[in-house]
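Values reported hereafter were calculated over all heavy atoms of this structure, with side chains retained and with hydrogens, waters and symmetry mates removed. Atoms within a ligand are numbered from 1 in the order they appear, just like the ligands themselves.
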Amino acid sequence: MNESTRLIHAAAEPTSMPRVVNPPIQRGSTVLLPNAAALYDDDQITYGITGLASPAALQRALAEMEGASDVTLYPSGLAAITGALLAVLKAGDEILVVDSAYKPTRRFCDRVLTRFGVSTTYYDPALTTEGLMNLVTPRTRLILLETPGSLTFEMQDVPAIAAAAKARGVLTLIDNTWAAGLYFKPLAHGVTLSVQALTKYVGGHSDCFMGSVATTDPAVASQLGDAMWDLGWSVSADDAYTMLRGLRTLSTRLPRHHQNGLAVARWLQDRPEVARVLHPALPDDPGHALWSRDFTGACGLFGVVLKPSSQRAVYAFLDALKLFGLGFSWGGYESLAIHCDPQLKHRAIPVDLGGPLLRLHVGLEAVEDLQADLERGFAAWRSA
Ligand SMILES: *Cc1c(COP(=O)(O)O)cnc(C)c1O
């Protein structure tokens, strides 16, 4: 054979690999099948787009955490939400979405689902289960929950809502990113679709995007799988490897976020500059009873309402911080802060917290150093 041919085919035979701790990062678009009949055998992996060794290992590990029979992986957390909605909805359907949902979820409903004849009603997270069920019509196909809510951290009675929805033939989907799949188990509480932005705590290092949808419903699982094929989405072997690496230490990292977050939250409650701290693990939080009934812990993300103050003072607070980075996303090992008021303007039900809202992500740093950083912020806030 010619050298060009020999270089293309040399060493292409699979060799058996030594067994190591982690799955191989198996990169592949084409999957080589053993014979002609296997090319069209639906029971075999025939194309790398469905994921090879490391995505498969990640799916199995997430299924273990979620108590799921099926886990589907998506290229981002938002893609997990939109992919799940596209998989189960059809023209003419209506969905009920909690008004405190992650803002890009709302954007997808408003800008994309409407074009395909799916309408969205936003409901108040404070509604009772009965009040929420009063919004269900014969067209209602799905209720989208997020608890605690994005930015404002309201708790919802998930088991009651899931049971009432099921009795009416309505699917439930929860964005469970805050609990990281560890501190709340949506499927055990009757939810149909448990969604997580793995980008946050599972990744844990602010360096990788991915999302997952877990379910115990075989019919829904097959709709999710079909939609992945139909939409042409895939996750890379390297990213799945990175996520699996994060997952291995999740149950060690998350309790530290819980402790640090709560320590900073309690300290903030006593500050004269602070009007309210929005954190369901605080005993005086309106969502505390539901949180302590259903959740086994809290992550490092919560809200802080400052006493009424100018935008200049809020900016001065944030700009004085040295340890807290200013940036979106969260769930990494490092602390972050944002101001939230521009996002609250998009809510269907007006939110008035009586002062500017900040969101803090408390990382794994020492609490006293974080407090010293926040002291710097308060000093700048007072003099602005
Ligand atoms: C970040 C986030 C997402 C989206 O995750 P990406 O991977 O950034 O797309 C979804 N839901 C919540 C609650 C989030 O915080």
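- Annotation: atom 8 (O) of ligand 1 to nearest protein heavy atom, F209 CE2, 3.8 Å.
- Looking at L78 next to ligand 1, an N or O pair under 3.5 Å apart turns up.
- Under the ring pair (Phe, Tyr, Trp, His ring centres under 6.0 Å) criterion, the residue pairs touching residues 198-236 are Y201-H257, Y201-W330, Y201-H361, H205-Y333, with sequence neighbours excluded.
- In terms of protein heavy atoms, atom 1 (C) of ligand 1 is closest to K200 NZ, 1.4 Å.
- Within the 4.0 Å heavy-atom cutoff, W330 counts among the residues contacting ligand 1.
- Judged purely by atom type and a 3.5 angstrom limit, R115 uses its side chain to pair as donor or acceptor with the backbone of R111.
- Distances from atom 10 (C) of ligand 1 to the heavy atoms of Y74, F328, Y102 put Y102 nearest.
- When heavy-atom distances to ligand 1 are checked against a 4.0 Å cut-off, T199 comes that close only through its side chain, counted from C-beta outward.
- In terms of N/O distances under 3.5 Å, ligand 1 is approached by G77.
- Distance from atom 12 (C) of ligand 1 to its nearest protein heavy atom, with residue and atom name: D175 OD2, 3.4 Å.
- Ion pairing between a basic and an acidic side chain is recognised when a charged N comes within 4.0 Å of a carboxylate O; D294 and K185 show no such pairing.
- Between S150 and ligand 1, no pair of N/O atoms sits closer than 3.5 Å.
- Pairs engaging residues 368-384 under the salt bridge (charged side-chain N to carboxylate O under 4.0 Å, His left out) rule: R271-E375, E273-R382, D373-R376 [sequence neighbours left out].
- Using cut-offs of 30° and 60° on the angle between ring planes, the pair H279 and W178 is perpendicular.
- Contact annotation for W178 and ligand 1: no heavy atom of the residue comes within less than 4.0 Å of the ligand.
- In this structure, the side chain of T72 does not engage the main chain of L224 through any donor-acceptor pair within 3.5 Å.
- Using a 4.5 Å heavy-atom cutoff, the side chains of L33 and T46 are in contact.
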